[in-house]
Enquirer: 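First the structure, which I've put down as structure tokens, then a few questions once you've had a look.
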Amino acid sequence: MTTVSPTPETTPLTAGRPPAGTHTPPPSMRLRELAFGAACAAAVRAAARLGVADALGDAPASAAELALVVDAEPAPLRRLLRALACYGVFSETEDGRFVHTETSRLLREDDPHSLRYICLWVTEPWTWEVWPRLDDAVRSGATVFPERFGKGFFDYLHEDAGESAQVFNRAMTTSSVQSARDVAELLDLTGVSSVADIGGGQGHVLASLLEKHPSVRGTLLDLPGVVARADERLRDGGALADRVRIVPGDCREDIPFQADLYVIKNILEWDDESTRRTLANVVAAARPGARVVVIENLVDDTPSMRFTTAMDLLLLLNVGGAKHTRESLVTRISDAGLLVGEVHPVNAYLHAFECTVP
């Protein structure tokens, strides 16, 4: 996509208009803003789909200039940008042009910390159909997805919503790649010769660990369709392929290998039965004394509670799952027979629970 280039008319200004809404509103105004939260989410989604952040370069640009690049009408685009600027996504200058903020740059596809596909994922069309049913889910304690769409969430995603499935895959890849670096920095692999990534998706965590520890060998286990798209570093011909075994399978059914360290990241949130079976299979497969590191989002004891509690409610709606509290996760890990040790923050969103097989 073309980026608006600096011109004499778009020279950056030293004075910028502060984002609206930076004051502390009274409760009545705050509740109105919360009730209109869908408008903010829709505005973020629209900006991501239009590619506005990619079109805006380092110099201020008017809505009319950006509209030419993103194929939109100038007046509605200005209204969109004005709304986003209220939340610090873009900023409006004194002369009515727009500039990037640290937040808006995260919508750029080329930003190393881009959240573009994650923002698209949590605002996909199906989300707008299940959120209004949250009261039903709270009453029943169960997912509302099958009743609304006639099938389970993942069946719907892959059979009826191909574009949404692609967005999901891109979002999960983005999230996994970014958190994999944090996990690799956190985990001490002293004395570990083999590591297994259980339900590890495309294996980004495993690849990051193997890159940092050249003497360690690894195993990736996930569903056949998932590991078929494994990180290219792990596949035949990849830089790490000679130290990796890729095992198609379902961790809820069996874990057919041993390792010194098992990593279980973000797969214990779908339902309690899946959690129980997965942890039981790890304990059954592992040698006594093996390490198990469980990495999950928490809905308590985290600086990102607005994010994690929102994801918790979305899990209730689409699959009937739940994010864990520290206590609920420790209970489930202990019930599986693992000994829980220290708990470490991985980043603002994740915690790592160090466990041992007795």
Side-chain angles (χ1 to χ4, degrees), residues 121 152-155 157-158 165 168-180 182-184 186-187 194-210 217-231 233-235 240 244-286 290-298 311 315 318-324 328-329 332-333 335-338 346 349-355 357:
W121 165 240
F153 173 68
F154 285 107
D155 288 338
L157 196 65
H158 294 293
F168 172 75
N169 290 336
R170 294 289 294 269
M172 295 304 101
T173 297
T174 295
S175 179
S176 181
V177 168
Q178 292 173 356
S179 62
D182 297 328
V183 173
L186 173 72
L187 294 186
S194 60
V195 58
D197 197 354
I198 305 300
Q202 296 173 338
H204 302 302
V205 168
L206 181 62
S208 294
L209 287 169
L210 296 183
R217 302 185 64 83
T219 303
L220 173 65
L221 172 70
D222 211 317
L223 299 173
V226 176
V227 297
R229 304 188 304 272
D231 188 306
R233 292 170 290 179
L234 306 179
R235 296 199 298 260
L240 303 170
V244 174
R245 177 172 50 154
I246 296 178
V247 179
D250 187 339
C251 60
R252 296 166 297 184
E253 302 300 329
D254 185 33
I255 297 176
F257 49 79
Q258 291 186 325
D260 298 327
L261 168 64
Y262 297 82
V263 177
I264 307 173
K265 178 176 174 289
N266 283 138
I267 64 168
L268 301 184
E269 57 191 18
W270 304 120
D271 59 77
D272 281 345
E273 178 61 17
S274 293
T275 295
R276 185 194 65 76
R277 288 161 58 189
T278 297
L279 291 174
N281 288 337
V282 170
V283 172
R291 286 172 62 195
V292 179
V293 176
V294 176
I295 302 172
E296 289 285 342
N297 304 114
L298 298 179
M311 286 300 299
L315 278 170
N318 65 358
V319 296
K323 294 290 184 183
H324 287 286
S328 71
L329 192 53
R332 284 158 179 77
I333 295 171
D335 286 348
L338 290 165
V346 178
Y349 309 104
L350 294 168
H351 281 69
F353 292 69
E354 281 277 357
C355 311
V357 177

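Quick caveat: nothing in here was measured; it's all calculated off a predicted structure.
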Enquirer: If you round to the nearest 0.5 Å, how far is CZ of Arg276 from CG of Leu268?
Expert: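 So the CG of Leu268 and the CZ of Arg276 are separated by 13.0 Å.
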Enquirer: Can you tell me how far the CD1 atom of Ile198 sits from the CG atom of Leu220, to the nearest 0.5 Å?
Expert: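 Answer for the CD1-CG pair, Ile198 versus Leu220, is 8.5 Å.
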Enquirer: Any donor-acceptor pair under 3.5 Å linking the side-chain atoms of Asp271 with those of Ser274?
Expert: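 Present: a donor and an acceptor within the cut-off.
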Enquirer: Less than 4.5 Å apart, side chain to side chain, heavy atoms only: is that true for Val346 and His351?
Expert: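 Side-chain contact under 4.5 Å: no.
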Enquirer: What pair of heavy atoms forms the shortest contact from Ala228 to Arg235, and how long is it?
Expert: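 Minimum heavy-atom separation between Ala228 and Arg235: O-CD, 4.4 Å.
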Enquirer: Check the pair Thr174 / Val177 against side chain to side chain contact (heavy atoms under 4.5 Å, CB included), numbers first and verdict last.
Expert: CA-CA 5 Å; Thr174 295; Val177 168; over 6 Å; no
Enquirer: Run the side chain to side chain contact (heavy atoms under 4.5 Å, CB included) check on Lys323 and Leu315 step by step: do they pass?
Expert: CA-CA 8 Å; Lys323 294 290 184 183; Leu315 278 170; 3.8 Å; yes
Enquirer: Hey, are Lys265 and Ser176 close enough side-chain-wise for a donor-acceptor pair under 3.5 Å?
Expert: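 Side chains of Ser176 and Lys265: no pair found under 3.5 Å.
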Enquirer: Is the shortest heavy-atom distance from the side chain of Cys251 to the side chain of Asn281 under 4.5 Å?
Expert: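 Cys251 does not reach Asn281 side chain to side chain.
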Enquirer: Start with the C-alpha distance between Leu279 and Leu338, add both sets of side-chain angles, then the distance that settles side chain to side chain contact (heavy atoms under 4.5 Å, CB included), and finish with yes or no.
Expert: CA-CA 9 Å; Leu279 291 174; Leu338 290 165; 4.2 Å; yes
Enquirer: Which atom names give the shortest non-hydrogen contact between Val247 and Pro256, and what distance separates them?
Expert: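 Looking at all heavy atoms of both residues, the closest pair is CG1-CG, 4.4 Å.
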Enquirer: Measure the spacing between OG of Ser175 and CG of Asn297 and express it to the nearest 0.5 Å.
Expert: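 Answer for the OG-CG pair, Ser175 versus Asn297, is 7.5 Å.
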Enquirer: Does this structure show an ion pair linking Asp272 with Arg332, if we count only N-O contacts that are shorter than 4.0 Å?
Expert: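 A salt bridge links Asp272 with Arg332.
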Enquirer: Please list, chain by chain and in numerical order, all residues satisfying side chain to side chain contact (heavy atoms under 4.5 Å, CB included) with Asp155, sequence neighbours excluded.
Expert: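 Per chain and number, Asp155 pairs via side chain to side chain contact (heavy atoms under 4.5 Å, CB included) with Lys151, Glu159.
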Enquirer: So do Val293 and Leu187 actually touch side chain to side chain, heavy atoms under 4.5 Å?
Expert: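 Answer yes - side chains close enough.
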Enquirer: Which atoms form the tightest heavy-atom contact between Leu221 and Pro248, and what is the distance?
Expert: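 Where Leu221 meets Pro248 most closely, the heavy atoms are CD1-C, 4.2 Å.
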Enquirer: Centres of the Phe153 and Trp270 rings: under 6.0 Å?
Expert: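 Centroid separation for Phe153 and Trp270: 6.0 Å or greater.
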Enquirer: Between Val263 and Val195, does the side chain to side chain contact (heavy atoms under 4.5 Å, CB included) criterion hold? Intermediate values first, please.
Expert: CA-CA 7 Å; Val263 177; Val195 58; 4.0 Å; yes
Enquirer: Let me confirm one number: the CG-CZ distance from Leu261 to Arg291, rounded to the nearest 0.5 Å.
Expert: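 CZ of Arg291 is found 5.0 Å from CG of Leu261.
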Enquirer: How many angstroms lie between atom CD1 of Ile246 and atom CG of Leu234, to the nearest 0.5 angstrom?
Expert: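 Going from CD1 on Ile246 over to CG on Leu234, the span is 5.5 Å.
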Enquirer: Among all residues two or more places apart in sequence or in another chain, which pass the side chain to side chain contact (heavy atoms under 4.5 Å, CB included) test with Arg277?
Expert: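 Arg277: side chain to side chain contact (heavy atoms under 4.5 Å, CB included) contacts with Arg252, Glu253, Glu273.
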Enquirer: Using a 4.5 Å cut-off on heavy atoms from C-beta on, say whether the side chain of Glu296 contacts that of Val294.
Expert: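 Heavy-atom side-chain distance check passes, below 4.5 Å.
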Enquirer: Less than 4.5 Å apart, any side-chain heavy atom of Thr219 and any of Asp197?
Expert: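 Counting from C-beta outward, Thr219 and Asp197 never come under 4.5 Å.
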Enquirer: Side chains of Trp121 and Arg170: does their closest heavy-atom pair fall under 4.5 Å?
Expert: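 No, side chains not in contact.
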Enquirer: Do Thr173 and Gln202 have side-chain N/O donor and acceptor atoms under 3.5 Å apart?
Expert: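 Checked: Thr173/Gln202 side chains pair up, N/O donor to acceptor below 3.5 Å.
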Enquirer: Should Asn266 and Ile295 count as side-chain neighbours, where that means a heavy-atom distance under 4.5 Å?
Expert: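 Of all side-chain heavy-atom pairs linking Ile295 with Asn266, none is under 4.5 Å.
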Enquirer: Mind listing the closest non-hydrogen atom pair of Ile333 and Cys355 along with its distance?
Expert: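 Distance-wise, the nearest heavy atoms are CG2-SG, 3.6 Å.
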Enquirer: If I take atom OG1 from residue Thr278 and atom CD1 from residue Ile255, how far apart are they, to the nearest 0.5 angstrom?
Expert: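 Going from OG1 on Thr278 over to CD1 on Ile255, the span is 6.5 Å.
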Enquirer: Any side-chain heavy-atom pair from Asn169 and Arg229 closer than 4.5 angstrom?
Expert: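 Of all side-chain heavy-atom pairs linking Arg229 with Asn169, at least one is under 4.5 Å.
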Enquirer: Can you list everything that forms a side chain to side chain contact (heavy atoms under 4.5 Å, CB included) with Ala259? Sequence neighbours excluded, please.
Expert: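 Applying side chain to side chain contact (heavy atoms under 4.5 Å, CB included) to Ala259 gives Ser194, Ala196, Tyr262.
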Enquirer: Would you name the heavy atoms of Ala184 and Leu209 that are closest together and state the gap between them?
Expert: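 Scanning both residues completely, I find the closest heavy atoms to be CA-CD2, 3.8 Å.
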Enquirer: Could you check whether atom OH of Tyr349 has more than 12 heavy atoms from other residues, nucleotides or ligands sitting under 6.0 Å from it?
Expert: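 No, the 6.0 Å shell around OH holds no more than 12 heavy atoms from other groups.
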